[in-house]
Structure formats: C-alpha cells, structure tokens
Amino acid sequence: MFISSHAQACSSYTFSSNQVFSSCTDLPVLNAFIHWNYDTSTGKVQLAYRHTSVDTSKWVAWAINPTSTGMPGAQALVAYQQSDGSMRAYMSPISGYSTGLQEGNLSFDVSNLSATYSNGEITIFATITPPGNSTSVNQVWQDGPLNGGTPAQHALSGANTQSKGTLNFASGQAGSSGGSSRLEKKNIHGVLNVVSWGILMPIGVIIARYLRVFKSADPTWFYLHVTCQSSAYIIGVAGWATGLKLGSESKGITYSVHRTIGIILFCLATLQVFALLLRPKKEHKYRNYWNVYHHAVGYAVIILAVVNIFKGFDALNPEKKWKNAYIGVLIALGINFLWLEAYTWYIVLKRKRSQSNAEKASYGYGNGNGIGIGTTNGSNNGYGGRPHHDV
C-alpha cells in the first residue's frame, strides 16, 4: 500500500506545460521526483526532475554518475532562480566534493535544457542520451543554499548524504546505491557509542563512587565496576572502529571535531585499562596519586563522551525522538547521582559521628567493676586515683 500511494502521488502530477511522461518515481529523500519518456529506437530520454519544498534562496541539481555511485564524477544538471527572477539552468561536471558547480560540458549529450520555478518547486527539463546508451544509470540529486547568487556547499549530513541511487529508464525501476547500507553503518556506529561511552561508562562510575561506601558491598562493587567499564571499553572500541571505517569511506566529508574527540576518548580509555593493570596496593605510598589520576581521567572520559555523542547526533541528524531519549537517560543518571551523593554523605557523616562517640566512650567512662577504662580525671580507679590509660 505504501509503494502504491507513492506511485499514485508521482503519476497523478500534471505539468503546467501539458507535457506527459510515461514513467516516474518518487525519490526517497529531499522531496524530489523524476519523470521521463524513454525512446527505445534512439536511446534518448526526455526527463523532468522536480524538487519541491524549496525557495528562491536554493539551488537544485540532478546528475548521472557514469563511473561511481557518489558525487565525484557526477555529470549534473543545475538550476536556480536568479536575482532578476529568471531561471538559470546549466550543465556542471563534478570532479570532487569541493566543487563550486561551475558550468561545463558533460560526458553525454544534453539538449532542450530549461528550468521553471513555481509554488516552492523547481523543475529541470532536458533531453539526454545516457552514457554508452545504457538504460541503467547511477543517479545523484541534491539541493543547497545560494551565496551571493551562486551555488554554495550543500549540507553534509542527513538526507543530503543519502540522495543517490540507481535508475533504469527501460524498466522504470529505481533503487538505492549503498545509501541505505551506509545509513545502517552510521546507526550502528551511533548505537554502539551511545551504549558504551554514554551509558555504561557513567553507570560504572556510579557503582564505584557509591557502592564502595557500604562495607557489605566490598569487594562486589569493585568487580561490578571492572565488568561494567570493561564492557563499555570493548563496545566503545567497536563503535570507534566503525567510525574510522565510515570516515575512510567518506572522502571529502569530514567531521573534524567529532573525529578528534573520538580519538582522544579512545586514547584516554586505553590508558585507563593499562592503569588498572598497574594499580598499586592500598598501603602503597603512590596509591593516592594513582587514585587522583584514575578519577580525573575517568571523569574527563565521561564529559568528552557526552559532548561527542551530541556532536554525533548533529552529524547523523536522526529523528528528534532519539536525541530526546538520550537526554532522558542523562536526566535519569543525573537524578540517581544526586540522591546517591546525598545518601552516601549521610552514611559517611553518621559513621563518623558513631566513631567519635565510641572514642569518647572508650576514653571517658568507667565500666562499673572497679577497673577504670581510660580515666584521666583522678577519680578512684583501683589504683589510688592515679591517672591510668590501660584496662
């Protein structure tokens, strides 16, 4: 039913110029559609590329890539509205990601190129002869802002990185070209890092900071802490590795801050693992220095992890519910942190008062059997009132 509704939305569109196209398909992202007529005798394709939900401050483009599935090498048809209200439509061969969409000839024949703008919709019309008279092509479509009346760089996240696929002019079939699998890799990368750095790591810190206060939890708290942090590290390294893999496959698209923080996180977490192996015994003179280092690096990892997770949300641009869900997790962790902090301080202070009262009792009162316990005030303690501190 979903596919049928899409086909109906595409096929029911009527062009103002009364042009009729026998085939069309709804492109999966960026509110775009491609309509065409394929002439089997000549191999020519008469097409109309529609890009909706745009205003006069944007450019749009549709391209065929004869050599790859991405942007570098794409042969594009570009259109936008100029400051005087007229439409400009031209050809632009794209050699790399840093393109300014300069005008130039394409590697295949293009004729009857024009464009229109109406009601927030730009339509590019053209007649093309696909490279090598092939009926199946790799297509790329895009939109971006105008800067000073010329095309500027499009967004490097979300739908703008997924706008590519395949198109068969003869059969009318359209498909993805690695976009969905790449999105799955990004989602895996995000889930692994949120679960490890963003959830398990803080839980491990909460266990170490608050369970150790209870004598009955020793040494259970330590093993729980090590298990939680080790699991977080293993899962986090897997997420970090998938990030490096995605980066190597995204030439020209970089998230410098996100990448740098990720590398720093990996290095600090690895130092924590080695520091655990070198942990001095409790009575060792360097144990306090080790504790300071271990705590400082641990808290730094958590702070950087939370910051980088939100950087990842900005790069992946998922539905808001996922970002809100993680914010909810952070709020829950924060609430637990606050009440556990207050409760453990209550336990510690109560324990100190009890110890103080016990010390006063052991050094200030008799036991009623003629033998004084720590009496220092000269009272009769069985030794002629002489101060004495032994039982």
Side-chain angles (χ1 to χ4, degrees), residues 2 28-30 69-70 155-165 176-208 224-251 253-273 297-337:
F2 178 78
V29 293
L30 296 180
T69 59
L156 299 177
S157 62
N160 292 86
T161 61
Q162 304 164 25
S163 53
K164 58 183 177 179
S176 64
S177 183
S180 59
S181 62
R182 179 173 174 75
L183 181 60
E184 288 176 2
K185 291 179 183 178
K186 286 184 177 182
N187 289 336
I188 292 171
H189 168 70
V191 169
L192 289 176
N193 286 302
V194 168
V195 170
S196 57
W197 306 109
I199 297 177
L200 287 178
M201 280 279 183
I203 290 175
V205 170
I206 289 175
I207 289 172
L224 287 174
H225 173 67
V226 171
T227 300
C228 194
Q229 303 305 73
S230 298
S231 301
Y233 178 74
I234 293 170
I235 298 172
V237 169
W240 178 72
T242 58
L244 292 180
K245 178 65 174 175
L246 283 168
S248 66
E249 294 175 351
S250 305
K251 298 185 184 299
I253 301 177
T254 57
Y255 303 100
S256 300
V257 176
H258 183 64
R259 177 186 177 89
T260 301
I261 295 177
I263 293 173
I264 293 173
L265 274 174
F266 170 75
C267 294
L268 291 178
T270 303
L271 281 176
Q272 287 287 70
V273 172
V297 173
Y299 288 124
V301 166
I302 290 176
I303 293 171
L304 287 174
V306 172
V307 171
N308 214 29
I309 285 170
F310 282 100
K311 290 288 184 183
F313 279 128
D314 292 339
L316 186 58
N317 194 25
E319 295 182 41
K320 288 185 178 181
K321 64 180 181 181
W322 300 112
K323 188 174 183 178
N324 292 338
Y326 183 63
I327 292 174
V329 170
L330 290 181
I331 292 173
L333 290 172
I335 291 173
N336 280 281
F337 171 83

Problem - All pairs passing side-chain hydrogen bond (donor to acceptor under 3.5 Å, both in side chains) where residues 297-307 contributes a residue, at least two apart - result: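 Every candidate side-chain hydrogen bond (donor to acceptor under 3.5 Å, both in side chains) pair involving residues 297-307 fails, so no pair, neighbours aside, qualifies.
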Handout entry: side-chain hydrogen bond (donor to acceptor under 3.5 Å, both in side chains) pairs, two or more places apart, involving residues 231-243
Key =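 Residue pairs with at least one partner in residues 231-243: His189-Thr242, Tyr233-Thr270.
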Closest heavy-atom pair and its distance - [X], [Y]:
{"X": "Pro202", "Y": "Trp197", "result": "CD-O, 3.5 Å"}
{"X": "Ala269", "Y": "Val301", "result": "N-CG2, 4.3 Å"}
{"X": "Gly236", "Y": "Ser196", "result": "CA-OG, 3.2 Å"}
{"X": "Cys228", "Y": "Gly204", "result": "SG-N, 3.6 Å"}

Handout entry: Sequence-distant partners of Lys323, salt bridge (charged side-chain N to carboxylate O under 4.0 Å, His left out), two or more places apart
Key =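 Only Asp314 meet the salt bridge (charged side-chain N to carboxylate O under 4.0 Å, His left out) criterion with Lys323.
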Handout entry: With sequence neighbours excluded, residues passing side chain to side chain donor-acceptor pair (under 3.5 Å) with His225
Key =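 With neighbours one apart ignored, the set is empty.
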Practice task
Could you tell me which residues satisfy side chain to side chain donor-acceptor pair (under 3.5 Å) with Asn308, sequence neighbours excluded, listed by chain and number?
Solution key: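 By the side chain to side chain donor-acceptor pair (under 3.5 Å) rule, Asn308 matches His258.
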Problem - Separation of Leu224 CG from Ile206 CD1 (nearest 0.5 Å) - result: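 It is 13.0 Å, given to the nearest 0.5 Å.
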Problem - Between CG on residue Leu244 and CD1 on residue Ile263, distance to nearest 0.5 Å - result: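 Leu244 CG to Ile263 CD1: 6.5 Å, rounded to 0.5 Å.
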Handout entry: Partners meeting side chain to side chain contact (heavy atoms under 4.5 Å, CB included) with Leu304 (sequence neighbours left out)
Key =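 Scan of Leu304 (side chain to side chain contact (heavy atoms under 4.5 Å, CB included), adjacent residues dropped) gives Ile261, Ile264, Leu265, Leu268.
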Problem - With sequence neighbours excluded, residues passing side chain to side chain contact (heavy atoms under 4.5 Å, CB included) with Val29 - result: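 Result, side chain to side chain contact (heavy atoms under 4.5 Å, CB included) vs Val29: Trp141, Ala159, Gln162, Ser163.
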For residues 325-333, dump all side-chain donor-acceptor pairs below 3.5 Å to protein atoms at least two apart in sequence or in another chain.
from   : atom 1 : to     : atom 2 : distance (Å)
Tyr326 : OH     : Gly198 : O      : 3.1

Practice task
Could you check if a side-chain atom of Gln272 sits within less than 4.5 angstrom of a side-chain atom of Gln229, using non-hydrogen atoms only?
Solution key: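 They are not in contact (no side-chain heavy atoms under 4.5 Å apart), so the answer is no.
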